[in-house]
Amino acid sequence: MRRKLIPHPHLSLLLLVVWVMLQNRVTPGSVAMGLVLGLVIPVMTAPYWPDRPSLRGWGRMIAYALLVMGDIVRANVIVAGIVLFKRNADLRPAWVAVPLDLTSAEAITTLAGTVTMTPGTVSADLSADGRTLLVHCLHAPDPQSVIDEIKDRYERRLMEIFE
Amino acid sequence: MELIWEIAVSAFLVLAGIFALVGAWGLVKLPSPMTRLHAPTKATTLGVGGVLIASMIWSIGSHGVLSFHELLITLFLFLTAPITANFIAKANLHRAAPPEDLPTLPEGQLWAHQSPGTDTSEAAFEDKETHRGG
């Protein structure tokens with residue numbers, strides 16, 4: 001019954017929060033409208049998204065978001081430092097292939113987005129079978145350490161959330 | 001508006017301006033299309049973020065109300081920036097990047113942009129379907 005009424009609780013909450021933020025004021029009216037949207041839209045769109053991944057652990061998701069935000073600030077400073085203070089001749093750009101343990105499309109999308117936003121790496125492509133991620137590094141004297149960091153810092157945490 | 005609020009707002013605006021400028025300078029300075037992609041995807045995130053924080057501080061300082069729809073702009077930026085970067089990287093892979101530079105895959109697998117007429121998401125989806133059927 002609860003699954004029928006609220007097929008996707010995370011989406012419902014996200015819609016409510018986004019609607020209230022768009023209004024920019026917490027009023028009974030905006031919360032009520034947000035609740036209506038949060039209840040109606042997931043029910044109407046549920047048939048188009050049959051293989052929703054089931055997410056586990058609010059704490060883990062919030063911890064992951066904070067970790068990524070901290071890393072984005074760090075990434076900005078590092079990349080700005082490289083742009084300003086490193087001569088092009090000293091730059092060691094490299095392609096690296098990151099073998100993936102994640103299988104769901106949503107989890108891989110999250111990982112690819114994270115990799116793009118964080119220090120010195122941009123995700124460029126997947127292998128045709130979807131099991132390897134192609135990543136470009138701005139400055140990677142040691143490509144293996146980049147792979148280890150992505151797998152240990154981000155993929156391990158996403159595994160706990162998605163699978 | 002009190003002086004302290006004005007100083008805080010100015011500090012964030014200047015910081016944001018510096019990061020945006022560095023991002024633009026990176027676009028000019030870095031040597032190849034793929035390395036150039038790094039500057040605007042990263043350095044400008046903090047540039048926009050700084051302006052948004054300044055905007056929130058200003059609305060508290062001058063009107064005394066907390067304005068939070070700036071956070072929504074941050075959210076949309078975090079969702080769209082990686083996708084834009086991915087599209088540009090893919091276009092570059094198709095047009096310019098020599099395949100011998102890319103890391104090789106095991107078992108004769110190809111990268112998605114090299115294999116003709118396959119769509120990764122669809123392939124992954126069908127793969128999943130067959131697994132469930134079997």
Side-chain angles (χ1 to χ4, degrees), chain A residues 14 17-18 20-26 51 65 68-69 72-73 75-84 88-89 91 93-99 103-105 108-110 112-132 134-139 143, chain B residues 18-19 22-23 25-27 29-32 34-35 37-39 41-47 49 65-72 74-75 78-79 81-86 88-90 92-93 97 101-107 109-115 118 120-121 123-125 127-128:
Chain A
L14 182 71
V17 170
V18 167
V20 172
M21 282 170 110
L22 277 173
Q23 300 298 313
N24 207 17
R25 276 191 314 267
V26 188
D51 288 325
V68 171
M69 268 188 248
I72 288 171
V73 174
N76 276 270
V77 176
I78 291 173
V79 171
I82 290 175
V83 166
L84 288 178
N88 281 350
L91 216 56
W95 291 103
V96 297
V98 182
T103 48
S104 87
I108 294 174
T109 309
T110 314
T114 309
V115 164
T116 298
M117 298 305 282
T118 48
T121 49
V122 166
S123 55
D125 203 0
L126 268 178
S127 66
D129 65 352
R131 298 213 168 88
T132 315
L134 179 63
V135 174
H136 187 265
C137 309
L138 177 57
H139 180 65
Chain B
I18 289 171
F19 273 101
V22 169
W25 169 238
L27 208 56
K29 180 229 170 193
L30 291 169
S32 68
M34 277 312 294
T35 51
L37 194 54
H38 287 271
T41 51
K42 308 249 168 41
T44 48
T45 319
L46 220 55
V65 273
L66 177 65
S67 164
F68 46 81
H69 58 1
E70 282 87 350
L71 295 174
L72 216 50
T74 320
L75 175 71
F78 284 178
L79 291 178
I83 294 169
T84 319
N86 190 252
I88 297 172
K90 277 243 184 189
N92 182 55
L93 282 172
D101 282 4
L102 300 178
T104 47
L105 286 162
E107 301 150 26
Q109 283 286 341
L110 288 172
W111 294 107
H113 73 276
Q114 296 168 331
S115 44
T118 51
T120 335
S121 60
F125 182 71
D127 197 34
K128 232 188 207 171

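First the proteins, then the strands, lettered A, B, ... as listed; each starts at 1. Given the structure is predicted, the values throughout are model-derived calculations rather than measurements.
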- Indicate the atoms forming the closest heavy-atom contact of A:S123 with B:N86, along with that distance. O-ND2, 3.2 Å

- Check each atom of A:I108 against the heavy atoms of chain B and say whether the ones under 4.5 Å are side chain, backbone, both or neither. neither

- Message: Just so I know, are the side chains of B:F78 and A:V68 near enough to count as touching, which here means a heavy-atom distance under 4.5 Å?
- Response: no

- Message: So A:H139 and B:H38, do their side chains get closer than 4.5 Å, heavy atoms only?
- Response: no

- Message: Is the shortest side-chain heavy-atom distance between A:M117 and B:T45 below 4.5 Å?
- Response: yes

- Item | Segment of A:V17 engaging chain B (4.5 angstrom heavy-atom cut-off) | neither

- Is the shortest heavy-atom distance from the side chain of A:L138 to the side chain of B:L30 under 4.5 Å? yes

- Task: Return the minimal non-hydrogen interatomic distance between B:P82 and A:T116, and the atom names on each side.
- Result: CA-CG2, 3.8 Å

- Between B:I18, B:I88, B:T35, B:L75, which has the largest tally of heavy atom pairs under 4.5 Å with chain A? B:T35

- Message: Between A:L22 and B:L72, is there a side-chain heavy-atom distance shorter than 4.5 Å?
- Response: yes

- Message: Can you give me the closest heavy-atom contact between B:G26 and A:V83, atom names plus distance?
- Response: CA-CG1, 3.5 Å

- Query: Rounded to the nearest 0.5 Å, how far apart are OG1 of A:T109 and CG of B:L79?
  - Reply: 11.5 Å

- Of the non-hydrogen atoms in A:L84 and B:W25, which two are nearest, and what is the gap between them? CD2-CD1, 4.0 Å

- Query: Would a 4.5 Å heavy-atom cut-off, applied to side chains only, mark A:L134 and B:L93 as touching?
  - Reply: yes

- Which atom of A:M21 lies closest to which atom of B:H69, heavy atoms considered: O-CB, 2.9 Å

